[in-house]
Protein chains: 2
Amino acid sequence: MTETRPDPLKPYRKGPFAEDCAPRRLLRLFSGKWVTMVLHALHLMGGAARPGSLQRNLPGISKKMMTQTLRELQDLGIIERVVLQTMPPAVEYRLTALGQRFIEPLEMLYCWGEENRALLDQLTEN
Amino acid sequence: MTETRPDPLKPYRKGPFAEDCAPRRLLRLFSGKWVTMVLHALHLMGGAARPGSLQRNLPGISKKMMTQTLRELQDLGIIERVVLQTMPPAVEYRLTALGQRFIEPLEMLYCWGEENRALLDQLTEN
DNA sequence: CTGTATCCTCAGAGATACTG
DNA sequence: CAGTATCTCTGAGGATACAG
């Protein structure tokens with residue numbers, strides 16, 4: 001117990017390409033299958049949307065992955081869950097101020113991808 | 001044998017957030033654990049580098065993942081494998097013209113990440 | 001030094017059914 | 001409609017030993 005073993009994360013912390021450097025953390029955030037799509041959709045929908053609406057706009061996502069992704073983004077402080085005081089009560093998710101900031105690099109990527117579709121098509125498919 | 005089952009990819013192909021739209025393909029390319037780090041390192045090293053050198057600059061990557069990532073990028077036409085006619089012969093990998101183009105969005109992300117380290121630190125860690 | 005071949009683990013992702 | 005709870009499974013990622 002309390003064995004003295006080498007920190008398994010240590011090797012990642014050295015050098016100019018450290019595993020947990022800022023850019024890498026951004027890339028990790030974007031590496032989930034649905035995170036970027038949910039954020040992008042949320043952005044296109046004006047920064048706020050109801051779960052059902054989101055799900056209908058993201059064909060292929062399961063209810064589980066939708067909830068899971070929303071929860072993750074919520075825990076990160078990127079979106080917030082708001083209970084609307086309507087009758088009957090409704091739920092919607094909104095980009096936070098922090099979340100809005102992360103839309104910037106995401107939209108950069110989306111724009112680049114759309115403008116350079118030709119390059120992406122050029123990639124040898126396998 | 002040639003069963004007639006519903007195309008499992010079909011649902012992803014519909015709607016404005018299609019799974020295989022250009023921006024998504026770019027994001028998928030960048031979602032591998034080492035792809036972006038290898039490309040970024042290669043870029044910082046002048047667009048060409050020997051495998052051993054790359055590996056020393058990417059602490060934590062195993063030889064297997066190194067080879068695998070290089071092979072993948074090579075198959076996509078993003079990098080090329082060059083055998084140097086030296087004595088003894090040596091190998092190096094170079095960004096192709098196509099590959100150079102993909103450096104653009106990647107460096108965008110890296111820059112954004114570095115300039116916005118504060119925002120990334122602000123994410124509620126869990 | 002470069003690259004391959006195995007084997008293994010575990011987390012991400014999905015299918016399904018159930019609860020307010 | 002929103003959300004939870006299980007169960008399953010594929011495959012990305014990693015460790016290790018071997019080969020040219």
Side-chain angles (χ1 to χ4, degrees), chain A residues 5-12 19-20 24 27-38 42 48-76 79-94 126, chain B residues 5-12 19-20 24 27-38 42 48-76 79-94 126:
Chain A
R5 48 178 180 182
D7 182 350
L9 265 59
K10 204 170 167 197
Y12 298 89
E19 165 71 7
D20 66 341
R24 286 259 70 204
L27 281 162
R28 282 223 349 235
L29 172 63
F30 284 176
S31 70
K33 176 163 184 180
W34 296 106
V35 169
T36 49
M37 284 173 95
V38 166
L42 206 46
R50 308 205 44 199
S53 176
L54 265 177
Q55 183 141 12
R56 261 171 274 118
N57 276 296
L58 294 176
I61 193 173
S62 68
K63 192 160 33 173
K64 181 204 161 192
M65 288 312 293
M66 175 58 82
T67 309
Q68 189 173 307
T69 304
L70 289 173
R71 188 71 62 246
E72 178 188 344
L73 292 172
Q74 186 184 348
D75 290 343
L76 287 171
I79 63 176
E80 60 182 348
R81 185 180 187 272
V82 179
V83 178
L84 302 173
Q85 297 306 333
T86 57
M87 200 51 199
V91 173
E92 76 173 26
Y93 288 89
R94 292 182 193 160
N126 39 346
Chain B
R5 49 178 179 183
D7 181 349
L9 265 58
K10 203 173 169 196
Y12 299 90
E19 166 70 8
D20 67 340
R24 286 259 70 207
L27 281 163
R28 282 225 340 239
L29 172 63
F30 284 177
S31 70
K33 177 163 182 179
W34 297 106
V35 170
T36 50
M37 284 173 95
V38 167
L42 207 46
R50 308 203 44 198
S53 176
L54 265 177
Q55 183 142 12
R56 262 171 273 118
N57 277 294
L58 294 175
I61 193 174
S62 68
K63 193 161 33 178
K64 179 202 162 193
M65 287 314 292
M66 183 84 239
T67 309
Q68 188 172 307
T69 304
L70 289 172
R71 188 70 64 247
E72 179 188 345
L73 291 172
Q74 186 184 349
D75 291 342
L76 286 170
I79 64 176
E80 59 182 349
R81 184 179 188 273
V82 179
V83 179
L84 302 174
Q85 298 305 332
T86 57
M87 198 54 198
V91 174
E92 76 173 25
Y93 288 90
R94 291 181 193 162
N126 40 345

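To find a chain, count down the sequence lines: A is the first, B the second, and so on, and within it residues start at 1.
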request  = Kindly write out the residues that satisfy side-chain hydrogen bond (donor to acceptor under 3.5 Å, both in side chains) with Gln74(B), not counting sequence neighbours, or none if the list is empty.
outcome  =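 Expected list: Arg71(B).
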For Arg56(B), side-chain hydrogen bond (donor to acceptor under 3.5 Å, both in side chains) partners two or more places apart =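 Expected list: none.
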Restricting to non-hydrogen atoms, name the atom on [X] and the atom on [Y] that form the minimum distance, rounded to 0.1 Å.
X        : Y        : result
Ile79(B) : Leu70(B) : CD1-O, 3.4 Å
Phe30(B) : Thr36(B) : O-CG2, 3.5 Å
Tyr93(A) : Pro51(A) : CE1-CG, 3.6 Å
Leu58(A) : Val38(A) : CD1-CG2, 3.7 Å

Can you tell me the distance, in whole Å, between the [atom1] atom of [X] and the [atom2] atom of [N]?
X        : N       : atom1 : atom2 : value
Leu29(B) : dA12(D) : CG    : C1'   : 15 Å
Arg28(B) : dA12(D) : CZ    : P     : 10 Å
Met65(B) : dT2(C)  : CE    : P     : 18 Å
Met87(B) : dC1(C)  : CE    : P     : 17 Å
Gln68(A) : dA13(C) : CD    : C1'   : 8 Å
Ile61(A) : dG12(C) : CD1   : P     : 15 Å
Glu92(B) : dG3(C)  : CD    : C1'   : 17 Å

key: salt bridge (Lys or Arg N to Asp or Glu O under 4.0 Å) involving Arg94(B) - partner list, sequence neighbours excluded   =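 Once residues adjacent in sequence are excluded, the partners of Arg94(B) under the salt bridge (Lys or Arg N to Asp or Glu O under 4.0 Å) criterion are Glu92(B).
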inquiry  = Run the salt bridge (Lys or Arg N to Asp or Glu O under 4.0 Å) test against Arg81(B) and tell me which residues pass, sequence neighbours left out.
reply    =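 Result, salt bridge (Lys or Arg N to Asp or Glu O under 4.0 Å) vs Arg81(B): none returned.
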query = Can a side chain N or O of Trp34(A) be found less than 4.0 Å away from OP1 or OP2 on dG12(C)?
reply =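 So the side chain of Trp34(A) is outside the cut-off, no N or O lying under 4.0 Å from OP1 or OP2 of dG12(C).
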key: Base-pair map of DNA chain D as dot-bracket, where | denotes pairing with a different strand and pairs are Watson-Crick or G-U under 3.5 Å   = ||||||||||||||||||||
remark   = 5' to 3', nucleotides 1-8 of chain D under a 4.0 Å protein heavy-atom cut-off (B base, S sugar-phosphate only, - none) gives SSBB-B--
